[in-house]
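To find a chain, count down the sequence lines: A is the first, B the second, and so on, and within it residues start at 1.
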Amino acid sequence: MPEEGEKEEMVTPGEVLGKAADLKAGKGAYVAPYRSSEIPYVFSSLTGLRHTLTPPSDSPDQRPTVEVIGHKARGAVPEAGSVVIARVTKVMAKTASADIMCVGTKSVREKFTGVIRQQDVRATEIDKVDMHLSFRPGDIVRAVVLSLGDARAYYLSTAKNELGVVSANSTAGETMVPISWMEMQCPLTRQIEQRKVAKVGS
Amino acid sequence: MEFVNPEGLRLDGRRPMEMRQLRAEIGAVARADGSAVFEMGNTKVIAAVYGPREVQNKSQLSNDQALVRCEYTMANFSTGDRKRKPKGDRRSTEISLVIRQTMEACILTHLMPRSQIDIYVQVLQADGGTRSACINAATLALADAGIPMRDLVTSCSAGYLNSTPLLDLNYLEDSAGGPDVTVGFLPKLDKVTLLQMDAKLPVDIVENVMQLAIEGCKAIATYIREVLLENTKQLEYRRGL
């Protein structure tokens, strides 16, 4: 439904959206010379509705951005700096492996592998970190993506107060309650287990 | 044999510049990221696209662009006699390569590095022009999957029999021994991306036949665009937008 009087047009790949001198190409659009002339035009690369975004008033380039929103919902992909929710799969002496399940608020279509290194678990005393006292297999952690990493896994970090284990099960099988940034307690057996706990709430 | 009778009608009753009836359907394979069925007359092909997804063969991984793979097969029941080896034979390998190169030139692969896009095309019923129908079906399936492309690649074949350029040959006309020109075309960018011909054709006729095939491509592009817009409107409507 058109909002604010904007007429939204449905376009297919290859359709001309405007001149590159008047418009900037956003998502779903690209710039190429029009046929045999040298004048660059903005073309659509997806099937969907075209939207025009007004530029921020302080930017030097005052051209509006045109983008095409496709109808197929694409699964989220982790980027450097995005906050992710991951489930720990393996804990070793200096690293912990985790399967990334959500990026931001969107769940992923296929799982991505992330690795948390010993020096990225917390911000202080990073060489004295014991991985087994920070994570256990099966824990749900909130982490931030440091970088795309190597071919096998993304590099994750829990080195902030609000990052770390969000939910974990005790050896008895019950969901534990966090009592400090280092400890969680099982409500059934009253056993205290050590984790790098995330600070939840304001 | 007379392929164009004195009244100017072909074997199936078409005029020389007339294309066969087109029919397209999007989303036939629900599990695939994008899929389409494309019919040109009696030729019917189905295309399914998976991707972009993680590269399975790490040795082929490219850091700056997506890997495009394509597989062309013919169903056992697609031709008159039951085929023994539907894939792996030379013709299928060649057509797979041709389709892959055509689609790869059109997909904006630099936007999806370190990933893989798989295009599977299968011919369900073959009556000439399977190559063209496959490229058209692949274009629709890629557009359905939301993979960014420069333009819609359309393809059409043309031939020259009884001194007449003919558009969109069927199996009988194709196996007559005359030339068969297949053209892949980007309609909005006005560029030819595929040009194949078998048999021989005099140099002064080649241009005419190729132009005829290009006109056919433009007509197919109009139809494909309509189908895509209609399909998107339906999806938007169902989503309540």
Chemist: Counting only non-hydrogen atoms closer than 4.5 Å, does B:A221 touch chain A with its backbone (N, CA, C, O), its side chain (CB onward), both, or neither?
Modeler: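 No part of B:A221 comes within 4.5 Å of chain A.
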Chemist: To the nearest 0.5 angstrom, please state how far the CD atom of A:E110 sits from the CD atom of B:E54.
Modeler: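 That separation rounds to 6.0 Å.
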Chemist: Give, for atom CG of B:D151 and atom OH of A:Y30, the distance between the pair rounded to the nearest 0.5 Å.
Modeler: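 Rounded to the nearest 0.5 Å, the CG-OH separation comes to 6.0 Å.
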Chemist: Would you mind checking which part of B:L152 comes under 4.5 Å of any heavy atom in chain A, side chain (CB onward), backbone (N, CA, C, O), both or neither?
Modeler: both
Chemist: Can you measure from CE (A:M10) to CZ (B:R225) and round to the nearest 0.5 angstrom?
Modeler: 14.0 Å
Chemist: So which part of B:L108 gets closer than 4.5 Å to some heavy atom of chain A, the side chain, the backbone, both or neither?
Modeler: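 Interface part for B:L108: side chain.
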Chemist: Above 12 or not: heavy atoms from other molecules or residues under 6.0 Å from NZ of A:K24?
Modeler: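 Yes, the 6.0 Å shell around NZ holds more than 12 heavy atoms from other groups.
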Chemist: Return yes if some donor-acceptor pair links the side-chain N/O of A:R35 with the main-chain N/O of B:K191 below 3.5 Å, else return no.
Modeler: no
Chemist: Which heavy atom of A:P13 sits nearest a heavy atom of B:L228, and at what distance?
Modeler: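 Residues A:P13 and B:L228, closest heavy atoms: CD-CD1, 4.4 Å.
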Chemist: Check each atom of B:R114 against the heavy atoms of chain A and say whether the ones under 4.5 Å are side chain, backbone, both or neither.
Modeler: side chain
Chemist: What do you reckon, is NZ of B:K44 surrounded by more than 12 foreign heavy atoms closer than 6.0 Å?
Modeler: no
Chemist: Could you check whether any side-chain heavy atom of B:R150 comes within less than 4.5 Å of a side-chain heavy atom of A:F43, counting everything from C-beta outward?
Modeler: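 Not touching, per the 4.5 Å side-chain cut-off.
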Chemist: Take a 6.0 Å sphere around CD of A:E174 and say whether it holds more than 12 heavy atoms from other residues, nucleotides or ligands.
Modeler: yes
Chemist: Count the heavy atoms belonging to other residues, nucleotides or ligands that lie under 6.0 Å from NZ of A:K90, then report whether that count exceeds 12.
Modeler: no
Chemist: With a cut-off of 6.0 Å (strictly less than), are more than 12 heavy atoms of other residues, nucleotides or ligands near CZ of A:R87?
Modeler: no
Chemist: Quick check on A:K94: does its NZ atom have over 12 non-hydrogen neighbours (other residues, nucleotides or ligands) under 6.0 Å away?
Modeler: no
Chemist: Out of curiosity, B:M149 CE to A:T47 OG1, how far, rounded to the nearest 0.5 Å?
Modeler: 6.5 Å
Chemist: Heavy-atom cut-off 4.5 Å, strictly under: side chain, backbone, both or neither for A:V11 against chain B?
Modeler: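 The backbone, not the side chain.
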